[in-house]
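Reviewing the structure listed below.
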Amino acid sequence: MNRKGKQKWMLICVAAIAVLTLLWGVWSFMDSLMPSADPQTPRQPEPPAPAANPYTPEDFHFADGRMTLTAGKAVTGIDVSGHQGEIDWQAVKAAGVEFAMIRLGYRGYSSGEICEDKFWRANLDGAQAAGISTGAYFYSQAISPEEAGEEAEFVLGLLKGKTLDMPLVFDWEYVSETARTANVDRNTLTAATKMFCETVRAAGFRPMIYFNRSQARDMLRLEQLTDYQFWLAMYDAPMDFPFRVNMWQYTSSGSVPGIGGNVDINLWFLYE
């Protein structure tokens with residue numbers, strides 16, 4: 001290689017080194033702007049899973065239109081709304097019903113409007129006068145934690161001056177692909193559930209969550225909701241839900257004297 005060629009090669013090498021040095025400097029500067037992980041900071045532990053269901057399908061038996069638990073203690077109750085119309089609560093009590101969950105109101109799945117159940121006062125007063133333990137629920141179609149908080153404030157306004165023996169329930173249900181709630185995701189629904197439950201708890205009521213099996217699996221993070229009691233809707237299937245629940249709605253087509261037509265029937269588990 002002649003002298004002129006050597007000089008050209010040296011210039012290329014010097015330029016390449018300069019470019020690499022510049023790139024290294026830029027990378028080091030950008031890296032300094034990024035937050036560094038502290039190896040001494042422990043990872044936040046994952047929330048524990050809900051407690052396991054202590055019962056097996058063999059622990060339940062259906063006879064004379066009622067489900068019974070043979071491996072523990074449970075009492076029978078119903079949940080009602082304006083769909084049942086006027087109810088003879090004395091006849092309901094005489095039929096062995098020990099508690100009733102009363103719908104206070106609902107949010108429209110299309111309009112989003114909050115409405116009062118027109119029979120809630122008669123049902124709550126009638127059940128309590130008959131000596132039946134009472135709880136209540138709101139049928140939610142909230143699409144955000146803010147809407148769930150609005151629903152909680154609504155029911156608290158209705159219950160002002162009233163008492164409940166049983167929980168106050170957040171009953172969010174999936175309707176269809178055309179409902180306003182169709183695109184609510186898992187994190188949003190979990191946050192909305194917390195908002196409702198914490199709001200009613202702060203007012204002195206015991207919060208509870210209503211869900212079915214698919215909703216528990218796909219739409220809620222139950223491990224984040226273990227501070228609240230669980231109410232499971234599960235029909236025509238053995239009771240093999242993996243987690244412990246406080247109440248099981250085992251049919252929507254029950255029959256109880258004093259109520260015209262079908263009614264939901266539940267078991268409330270009396271854990272030791």
Side-chain angles (χ1 to χ4, degrees), residues 77-84 99-125 127 134-212 214-216 218-222 224-233 245-247 249 252 264 266:
I78 59 175
D79 59 276
V80 298
S81 69
H83 296 300
Q84 276 71 44
F99 70 89
M101 307 299 291
I102 311 298
R103 188 179 74 166
L104 300 174
Y106 59 94
R107 186 189 288 274
Y109 64 83
S110 178
S111 67
E113 180 184 1
I114 292 179
C115 302
E116 184 177 325
D117 188 300
K118 63 181 180 179
F119 280 93
W120 81 264
R121 286 186 179 84
N123 284 334
L124 186 63
D125 293 344
T134 54
Y137 69 96
F138 182 86
Y139 180 88
S140 172
Q141 288 290 283
I143 59 174
S144 67
E146 292 74 20
E147 285 197 352
E150 180 186 17
E151 294 169 354
E153 294 294 345
F154 175 79
V155 299
L156 292 176
L158 295 182
L159 290 173
K160 191 173 183 178
K162 303 281 188 180
T163 59
L164 296 176
D165 312 294
M166 306 283 287
L168 182 51
V169 184
F170 183 65
D171 171 16
W172 192 99
E173 300 183 31
Y174 178 82
V175 177
S176 71
E177 294 180 354
T178 59
R180 66 194 299 272
T181 50
N183 297 317
V184 173
D185 60 63
R186 196 175 190 181
N187 289 332
T188 299
L189 181 56
T190 300
T193 302
K194 288 181 179 180
M195 175 65 78
F196 183 97
C197 290
E198 287 304 313
T199 303
V200 302
R201 171 182 277 168
F205 293 96
R206 192 181 353 161
M208 181 182 243
I209 311 160
Y210 174 93
F211 52 78
N212 60 31
S214 62
Q215 186 175 323
D218 302 328
M219 299 198 68
L220 287 170
R221 299 192 182 279
L222 290 186
Q224 297 182 19
L225 301 170
T226 55
D227 285 344
Y228 318 121
Q229 294 184 316
F230 291 170
W231 181 6
L232 172 69
V245 299
N246 300 88
M247 189 151 59
Q249 184 186 81
S252 60
D264 301 335
N266 307 265

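FYI, side chains are in, hydrogens and waters are out, and symmetry mates aren't considered; it's all heavy atoms of this structure. Quantities reported herein were computed from a predicted structural model and do not represent experimental measurements.
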_Pairwise side chain to side chain donor-acceptor pair (under 3.5 Å) hits with a residue in residues 186-198, at least two apart_ = Asp185-Thr188, Asn187-Arg221, Lys194-Gln224, Glu198-Arg201, Glu198-Tyr228
*Side chains of Ile102 and Leu164: does their closest heavy-atom pair fall under 4.5 Å?*
no
*Kindly indicate whether the side chain of Tyr210, heavy atoms from C-beta on, has any atom under 4.5 Å from the side chain of Gln249.*
yes
*To the nearest 0.5 Å, tell me how far Met101 CE sits from Phe99 CZ.*
7.5 Å
*Closest approach of Ser144 and Ala192, non-hydrogen atoms and distance?*
O-CB, 3.8 Å
_Are the side chains of Leu168 and Leu104 in contact, using a 4.5 Å heavy-atom criterion?_
yes
*asked:* When you compare the side chain of Phe211 with that of Leu232, does any pair of heavy atoms fall below 4.5 Å?
replied: yes
*Minimum heavy-atom distance Thr181-Ala142, with the two atoms named*: CG2-O, 3.9 Å
*Out of curiosity, Leu225 CG to Cys197 SG, how far, rounded to the nearest 0.5 Å?*
7.0 Å
*asked:* Donor-acceptor check, side chain of Arg107 to backbone of Gly112, threshold 3.5 angstrom: yes or no?
replied: yes
*Nearest 0.5 Å, what's the OH-CG distance between Tyr106 and Asp117?*
7.5 Å
*In terms of heavy-atom contacts, does CG of Asn183 have more than 12 from other residues, nucleotides or ligands at under 6.0 Å?*
no
_Between Asn266 and Trp231, a side-chain donor and acceptor under 3.5 Å_ = yes
_side-chain hydrogen bond (donor to acceptor under 3.5 Å, both in side chains) against Tyr137, all qualifying residues, sequence neighbours excluded_ = none
_Applying salt bridge (charged side-chain N to carboxylate O under 4.0 Å, His left out) as the test, list every pair that has at least one member in residues 170-184; sequence neighbours left out._
Glu147-Arg180
*asked:* Side chains of Glu116 and Phe154, heavy atoms from C-beta outward: is any pair under 4.5 Å?
replied: yes
_Pairwise side-chain contact, Phe196 with Val155, heavy-atom cut-off 4.5 Å (strictly under)_ = yes
*asked:* Do Gln215 and Trp172 make a side-chain contact, defined as non-hydrogen atoms from C-beta onward lying under 4.5 Å apart?
replied: yes
*What's the shortest heavy-atom distance between Ala127 and Thr134, and which atoms?*
CB-CG2, 3.6 Å
*More than 12 heavy atoms from other groups under 6.0 Å of OH on Tyr174*: yes
*asked:* Please check: side-chain N/O of Asn212 versus main-chain N/O of Ala233, any donor-acceptor pairing under 3.5 Å?
replied: no
*asked:* With rounding to the nearest 0.5 angstrom, report the OG1 to CZ distance, Thr199 to Phe170.
replied: 10.5 Å
*Calculate, to the nearest 0.5 Å, the distance between atoms NZ and CZ belonging to Lys118 and Arg103 respectively.*
10.0 Å
*Could you go through the side-chain contact (heavy atoms from CB on, under 4.5 Å) check for Leu159 and Leu124 one step at a time?*
CA-CA 10 Å; Leu159 290 173; Leu124 186 63; 4.2 Å; yes
*Any chance you could measure Arg206, atom CZ, to Asp165, atom CG, to the nearest 0.5 Å?*
8.5 Å
_Any heavy-atom pair between the side chains of Asp264 and Ile78 that's under 4.5 Å?_
no
